[in-house]
Amino acid sequence: MSPVYKRIILKLSGEVLRSDDNCISPAIVQEMSEAIKSVVDMGVEVALVIGGGNIFRGLSASRKGMDRTTGDYMGMMATCINALALQDGLESLGIPTRVQSAIAMQQICEPYIRRKAVRHLEKGRVVIFAAGTGSPYFSTDTTAALRANEINAELVLKGTKVDGIYDKDPVKYDDAVKYKEISYTDCLSKQLQVMDSTAFTLCMDNKLPIVVFDFHQEGVLKNILCGNTEAATVVK
Ligand code: UDP
């Protein structure tokens with residue numbers, strides 16, 4: 001199998017890292033790193049955007065009385081913790097990585113510099129974008145859409161706990177039907193929540209395809225990048 005994509009962005013929610021007794025499960029980090037390694041080994045240039053929802057979300061905190069902006073900065077710092085965990089997991093498998101943060105943390109990682117990020121990718125390093133966009137009131141989905149456009153990625157892959165987009169919640173309804181492919185406009189008219197509206201619009205306006213898949217399903221990432229999207233939903 002050979003890949004049909006050269007450069008992609010993989011967006012992982014912080015929640016994907018969580019286990020029952022740990023907000024960052026070392027076993028899950030390992031599992032994710034192995035899946036990422038399998039596509040890096042095929043020669044695909046991989047940039048990662050990791051969320052922070054397993055640790056902190058500004059919006060949820062603001063609903064309980066915290067200042068939204070402060071909470072969002074805390075959320076962005078949470079993504080940095082996850083980024084370091086992933087960096088550790090990937091490097092333990094021998095994959096060179098660079099964490100680039102949208103908020104300067106010079107002792108810990110590089111600042112986000114687009115041209116440098118592209119150079120790292122060209123050299124086969126995995127770039128992990130941390131601290132979201134660096135601005136409150138945004139999300140890491142928006143970060144993925146923004147960075148994907150900036151670095152000319154061909155695809156935004158959204159790894160979740162569900163294997164695609166359904167017409168209704170597959171956890172609640174047995175008769176939920178999965179879409180193999182759906183247009184941006186159908187997602188909007190059917191009010192399907194693929195990403196938050198800012199992120200979704202950024203992809204739609206720039207014709208950047210989104211692939212939603214279940215990260216825990218073995219081999220799925222590799223299949224998608226080789227053009228087999230059976231086990232996912234493509235939005236384009
Ligand atoms: N965040 C932010 N600006 C950004 C990205 C993230 O303020 O550009 C904050 C926001 O509080 C968010 C938190 O970081 O709730 C964690 O990100 P997100 O909710 O996107 O993580 P995920 O749900 O993907 O784990």
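Remember, it's 1-based here, ligands and their atoms both numbered in the order they're listed.
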S.K.: Would you indicate which of R57, R68, M77 comes nearest to atom 23 (O) of ligand 1 when only heavy atoms are counted?
M.R.: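 Heavy atom nearest to atom 23 (O) of ligand 1 belongs to R57.
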S.K.: Between the main-chain N or O of I113 and the side-chain N or O of Q100, is there a donor-acceptor pair closer than 3.5 Å?
M.R.: yes
S.K.: Starting from atom 14 (O) of ligand 1, which protein heavy atom do you reach first, and at what distance in Å?
M.R.: G75 C, 3.1 Å
S.K.: So, 4.0 Å and heavy atoms of Y73: is ligand 1 close enough to count as a contact?
M.R.: no
S.K.: Geometry only, no angles: is N54 polar-contacting ligand 1 at N/O separations under 3.5 Å?
M.R.: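 No, since none of the N or O atoms of N54 sits under 3.5 Å from an N or O of ligand 1.
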S.K.: Relative to ligand 1, is T143 under 4.0 angstrom through side chain, backbone, both or neither, heavy atoms considered?
M.R.: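 Near ligand 1, T143 shows its side chain, while the N, CA, C and O stay back.
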S.K.: Taking distance alone, with N or O pairs closer than 3.5 Å, would you say A131 contacts ligand 1?
M.R.: no
S.K.: Is A78 near ligand 1, meaning one of its heavy atoms is under 4.0 Å from it?
M.R.: no
S.K.: Are more than 12 heavy atoms from other residues, nucleotides or ligands located less than 6.0 Å from atom NZ of K178?
M.R.: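 More than 12 within 6.0 Å, yes.
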S.K.: Give the contacting part of S135 toward ligand 1: side chain, backbone, both or neither, where contact means a heavy-atom distance below 4.0 Å.
M.R.: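 Just the backbone.
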S.K.: Do the side chains of L221 and L157 get nearer than 4.5 Å, heavy atoms only?
M.R.: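 L157 vs L221: side chains touch.
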S.K.: Within ligand 1, which atoms have a heavy atom of G52 less than 4.0 Å away?
M.R.: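 What qualifies from ligand 1 is 16 (C), 17 (O), 21 (O), 22 (P), 25 (O).
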S.K.: Test S139 against every option in D72, D196, T133 by the side-chain hydrogen bond (donor to acceptor under 3.5 Å, both in side chains) rule and name the one that passes.
M.R.: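 Going through D72, D196, T133 one by one, the side-chain hydrogen bond (donor to acceptor under 3.5 Å, both in side chains) with S139 is satisfied by D196 alone.
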S.K.: Taking only non-hydrogen atoms of K11, do any sit less than 4.0 angstrom from ligand 1?
M.R.: yes
S.K.: Does some side-chain heavy atom of I128 sit less than 4.5 Å from a side-chain heavy atom of N82?
M.R.: no
S.K.: Less than 6.0 angstrom from the centroid, inside 45 degrees of the normal: does R98 satisfy that with respect to the ring of F129?
M.R.: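 No.
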S.K.: I'd like to check whether T140 has a polar contact with ligand 1, where a contact means an N/O of the residue lying under 3.5 Å from an N/O of the ligand.
M.R.: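 Such a contact does occur with ligand 1.
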S.K.: Other residues, nucleotides and ligands only: do more than 12 of their heavy atoms fall within 6.0 Å of CD on Q106?
M.R.: no
S.K.: With E45 as reference, evaluate H120, K123, K6 under the side-chain hydrogen bond (donor to acceptor under 3.5 Å, both in side chains) test and give the passing residue.
M.R.: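 Going through the options one by one, the only one that passes is K6.
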